[in-house]
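Here is the naming used below: chain letters follow the sequence lines, and residue numbers restart at 1 for every chain.
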There are 2 protein chains.
Amino acid sequence: MNINNISEYLAQHGVRPSYQRTEIYKYIINNKSHPTAEMIFKKLAPAIPTLSKTTVYNTLKLFTDKNLVRILTIEENEKRYDAVSVVHGHFKCEVCGGIYDFDIDLSNIDEKIPDHFSIKNYQINLSGICNNH
Amino acid sequence: MNINNISEYLAQHGVRPSYQRTEIYKYIINNKSHPTAEMIFKKLAPAIPTLSKTTVYNTLKLFTDKNLVRILTIEENEKRYDAVSVVHGHFKCEVCGGIYDFDIDLSNIDEKIPDHFSIKNYQINLSGICNNH
DNA sequence: GTATCTGCAAAACATTTGCAATTCT
DNA sequence: AGAATTGCAAATGTTTTGCAGATAC
């Protein structure tokens, strides 16, 4: 996404583009690391000295409500956040903690769930050992 | 599984079958609800008055280490536990909170992830609205 | 000037840990 | 007796909430 258009993009999704919100959203889309609230805070705090963790949490909640980001539950003890985009899966390396995206084909998943169930969200999370180990 | 053989089954997996452990494991396999630690504690405490939440947590950790149960991260804020069995997916209803199992076919997932990645665990978690709403 | 946003401090909640008492063999 | 297990109490770590001050429209 064009960075210059982030404010506009947030506004289109019903989020008033404050400085903090714009920076947080920019960080999420520019970092494929699927960051936690803590990671976002640690990374942005030096550049935004007044930033508080509460604002990070408030903002992530707002983004989630507005469907701008999606909560990833690949970690057992903290949430990660992913910019909403095409459906994809995640692989978490148990050794280095790295998270890798991969394509998935869910074209036949609808036939696996009962009739009249409506799917709102997908999470395909694998874990194991990546090729650096 | 035959309830009478639970002690034996635990022992075979390197878990000494204390009363608490046997009851906790029995509860997990007899309840397809993928319970949380809290649910297990609340349900078993009346019958085992001395039971503590710490023991529930200790036991779930032990079962997880021994590969008897698997942690499910379908909830955003608490862990659920699933008896280890054939690979299957989970659908969580956002309205009633119910969790439904469904079959999945992962025969072609290996080709989607990079070479030399070894998969240890799968989690296929969907959410949406079930057919009761 | 009023509504919104931010951020500190405190609370809430799930989970873990230290350790003493209990239980099992 | 010795080792493993249990459970209370306290600590930890993440996330949420109350609220006062700051900011934006």
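Checking C:dT6, D:dT14, D:dT6 against the side-chain heavy atoms of A:Arg21 singles out C:dT6 as nearest. The B:Thr54 side chain lies nearest to C:dT16 when the options are D:dT6, C:dT16, D:dT16. Distance from the side chain of B:Thr55 is smallest to D:dG7 among C:dT6, D:dG7, C:dT16. When distances are taken from the side chain of A:Lys79 to each of C:dT16, C:dT6, D:dT15, the shortest belongs to D:dT15.
D:dT15 atom P lies 8 Å from atom CG of A:Asn77, rounded to whole Å. Taking atom CZ of A:Phe41 as the reference point, atom P of C:dT6 lies 14 Å away to the nearest angstrom. The CG-P distance, from B:Leu60 to C:dT17, rounds to 14 Å in whole Å. C:dT23 atom C1' lies 15 Å from atom CG of B:Leu51, rounded to whole Å. Across the protein-nucleic acid pair, A:Glu76 atom CD and C:dT16 atom P stand 9 Å apart, rounded to whole Å. When the P atom of C:dT16 is taken as reference, atom CG of B:Asn58 falls 9 Å away, rounded to whole Å. Between the P atom of D:dT14 and the NZ atom of A:Lys53 lies a distance of 7 Å, rounded to the nearest Å. With rounding to whole Å, B:Tyr57 atom OH is found 17 Å from D:dA9 atom P.
Checked against a 6.0 Å centroid threshold, the rings of A:Phe91 and A:Phe102 do not count as neighbours.
For A:Glu75 and A:Thr36, the side-chain atoms include no donor-acceptor pair closer than 3.5 Å.
Taking the six-membered ring where tryptophan is involved, the planes of A:Tyr9 and A:His13 are tilted, since the angle between them lies from 30° to 60°. Using cut-offs of 30° and 60° for the angle between ring planes, the A:His88 and A:His34 rings count as parallel.
Contacts of B:Glu38 with the nucleic acid, taken as non-hydrogen atoms under 4.0 Å apart, are absent. The residue B:Thr50 sits close only to the backbone: its heavy atoms come under 4.0 Å of sugar-phosphate atoms, none of a base.
B:Gln20 has a side-chain polar atom (N or O) that falls below the 4.0 Å cut-off from OP1 or OP2 of D:dG7.
For B:Ala37 and B:Arg16, each mapped to the nucleotide of DNA chain C holding its nearest heavy atom, the one lying further toward the 5' end belongs to B:Ala37.
With sequence neighbours excluded, the residues satisfying ring-ring contact (aromatic ring centres under 6.0 Å, His included) with A:Tyr100 are B:Phe117.
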